[in-house]
Protein chains: 2
Amino acid sequence: MRSTARDVAKMAGVSISTVSRALSAPQKVATGTRQKVEQAARTLGYDPNLAARELATGRTGNLGLVIPDLENPFFASVTKAVQARARAAGHAVFVADTDEDTHQEPRLVRSLARQVDGVILCAPRVTDAELAALEAAAHTRMILINRTCGDMPSVTADHVDGVRQALRHLRALGHRHIAYAGGPSRSWADQQRRAGLTTAAEELGDVTVDDLGAFAPVFSGGMAAADLVLASGATAVLAYNDLMAIGLLARARERGVEVPGELSVVSFDDIPLAVAVSPALTTVAVPVGMLARTAVDLLTEMIDEERTGAVGPPARRSRLDLPVELKVRGTTGPRR
Amino acid sequence: MRSTARDVAKMAGVSISTVSRALSAPQKVATGTRQKVEQAARTLGYDPNLAARELATGRTGNLGLVIPDLENPFFASVTKAVQARARAAGHAVFVADTDEDTHQEPRLVRSLARQVDGVILCAPRVTDAELAALEAAAHTRMILINRTCGDMPSVTADHVDGVRQALRHLRALGHRHIAYAGGPSRSWADQQRRAGLTTAAEELGDVTVDDLGAFAPVFSGGMAAADLVLASGATAVLAYNDLMAIGLLARARERGVEVPGELSVVSFDDIPLAVAVSPALTTVAVPVGMLARTAVDLLTEMIDEERTGAVGPPARRSRLDLPVELKVRGTTGPRR
DNA sequence: TTGTAAGCGTTATCAA
DNA sequence: TTGATAACGCTTACAA
């Protein structure tokens, strides 16, 4: 049987409330008694019951993470980083995968809300209106990764600048006709990149961008995009993510098109696999670990702040446009 | 403010215990009152406080999952399947990544044990002794995936048969000298495959197996293995997992060695990426979704059984040696 | 069939 | 600095 604070109190010869204090607010207890309590707790292997604590304090100590697809390496990395950072801060994390089903997002958030202090929504696909409604109704703190929505707290990367870097790079290599193989139309990142495409093309002046439409953000989506790219006459293509780029590469090879000889390819994310394929992907690296850690930090700050009663200046709730970096590798080369 | 069972009771004009019954044991309540309660609960948006329920019942409704590395696609798939199945059964799941650090395993299990009804340990690297000690001390139910330990509940795939299938396939193609690029020595799957190698080689009689040692179960490990393979004179290689095989392929290409022309490669897992690389991987498919779902089902059975007081015959606690299937694709061909 | 009341194990308030 | 004691919100005998 697990021992409780009662047992510790009995063994240490103090009251149960002293046990509670000695363990969670050591400075409010005499050194001697604290040591007695600690000793007793240790020998009994005492471990506070978290449900009881939650019931008394109203705080769970847990976080929730909702993501579109764990089998997408980008989201796997987000998840890995989130749970690592959360644990370092003393929080456990519930993970819920929507399987790219928009309708699951509100459902999962509501479900998690019952047992967490806050939830991180990674790249949610729901509309702004639904998201706002969710925030109002879910009874929990929320923070977004790779998505913005009104003044909701969020952490994002600078996709617009990423597109600019990619386009400049391609232009410098001589490319003037560039295709874009987009991702899910509900994806905020995709919308950002499309916007970036427009402004960057204007800045550059002499490049034309060919929007090929939306594809599944996975290998097969890239395969599908490849044929459209080749038919478009573009000499370079920007792919929504690395997975698609890999599919694109595979299909190009099947069709006997050399990369980067006849076609240059740039993508987004820089997943671990990006350097593993051959040729290695030229890609705009999104700082996934930083996004995840920042989101956890911001969320825990929100939680602590509310707990301690919000003194001091109102904290900044978002970190927007974290810098991205173009990694030039093997899939881009001079136009010929 | 969230409403409680008190509020519902008041509105429905019944006692608080009737509310509890009406909602969790509807058959123990008159139809009329049940409807009143349900109605009140609905209009108030009542949602039972889980911490209070846990405190009263001793059950959390949560599961824990401990895995070596979320960025390994195999484990990402396990995680995805586990959380999907668990949610379908009404459980939320905590995910904890050890980052391939053996010492984190007991730590994380103990930590999770406080807030779950059971934990799934996926491919743990700790020794049998440590695992047994952990089970004894952790105060929670545990089930293993891809690992056995005494009579602990576990779910495994038939790696030995997988090796046999792979070796027969290679032998049929004319290969007689086959290298093995192993994974982490603490990996049970690796040990199984080594054992399978010995027995299969004996069965076949005329093939020699060259054990190249242990490599990191990732892309770079495969790169490292590649040079040893080429130096060994083997005409085919068995790689611990698909990730390594992909690394191996990349390095072979760098060195101008054609696959499958000059070297055949077989690996394990059949991660989504296996069909995405080129040539597509010939690999022994491990039924990852089935492993995960079976583990969840078995674990929830254990939980329910204990709750209801274990009537009926003792249930089987393990599902061992789930069938694996060799997928012949592009990385294997006749010896020449 | 329903209500009363006793826990479950903490934290937190208020006296002492 | 410490100790009673009242929450926290639910489930579950036991009585009615």
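Scope of the values below: all heavy atoms of this structure, side chains included, with no hydrogens, waters or symmetry mates.
Spacing between atom NZ of B/Lys10 and atom P of C/dG3 amounts to 14 Å, rounded to whole angstrom units. What separates NZ of A/Lys28 from P of C/dC14 is a distance of 13 Å, to the nearest Å. The separation between B/Tyr46 atom OH and D/dC10 atom C1' is 7 Å, rounded to whole Å. The CZ-P distance, from A/Arg59 to C/dA12, rounds to 10 Å in whole Å. Distance CG (B/Leu23) to P (C/dT2): 14 Å, rounded to an integer number of Å. Rounding to whole angstrom units, CZ of residue A/Arg6 and C1' of D/dA4 are separated by 14 Å. The CD-P distance, from A/Glu54 to D/dA7, rounds to 20 Å in whole Å. Rounded to whole Å, the distance from NZ on B/Lys36 to C1' on C/dT1 is 12 Å.
Closest to the side chain of B/Thr4, from the set C/dT11, C/dT2, D/dC10, is D/dC10. With C/dT10, D/dG9, D/dT11 as the candidates, the nucleotide lying closest to the side chain of B/Ser24 is D/dT11. Taking the side chain of B/Val14 as heavy atoms from C-beta on, and the options C/dG3, D/dC10, D/dT12, the nearest nucleotide is C/dG3. The side chain of A/Ser17 lies closest to D/dA4 when the candidates are D/dA4, D/dC10, C/dC8. The nucleotide whose nearest atom lies closest to any side-chain atom of A/Ala52 is, among D/dC10, C/dG3, C/dT10, C/dT10. Of all nucleotides listed (C/dG7, D/dC8, D/dT2), D/dT2 comes nearest to the side chain of A/Thr33. When each of D/dC8, C/dT11, D/dG3 is scored by its nearest atom to the side-chain atoms of A/Leu55, the top-ranked nucleotide is D/dC8. Picking from C/dA12, D/dG3, C/dG9 the nucleotide with the shortest atom distance to the side chain of A/Asn49 gives C/dG9.
Across all strands shown, A/Asp47 has heavy atoms under 4.0 Å from sugar-phosphate atoms exclusively, and none from any base. In this structure, A/Arg21 reaches the bases: a heavy-atom distance under 4.0 Å links it to at least one base atom across the strands shown.
Using a 4.5 Å heavy-atom threshold, the side chains of A/Arg114 and B/Arg2 count as touching. Between B/Pro106 and B/Val126, the closest side-chain pair of non-hydrogen atoms falls below 4.5 Å. The shortest side-chain heavy-atom distance between B/Arg59 and B/Glu54 does not fall under the 4.5 Å cut-off. Between A/Leu131 and A/Leu144 the shortest side-chain heavy-atom distance falls below 4.5 Å.
Electrostatic pairing of B/Asp97 and A/Arg87 does not count as a salt bridge here, judged by no charged N lying under 4.0 Å from a carboxylate O. Taking 4.0 Å as the cut-off between side-chain N and carboxylate O, A/Arg125 and A/Glu100 count as a salt-bridged pair.
If you find the closest nucleotide of DNA chain C to B/Ala30 and to A/Ile16, the one lying nearer the 5' end belongs to B/Ala30. When each of B/Thr31 and B/Thr57 is assigned the nucleotide of DNA chain C bearing its nearest heavy atom, the one mapping closer to the 5' terminus is B/Thr31.
OP1 or OP2 of C/dT11 has at least one side-chain nitrogen or oxygen of A/Ser20 nearer than 4.0 Å.
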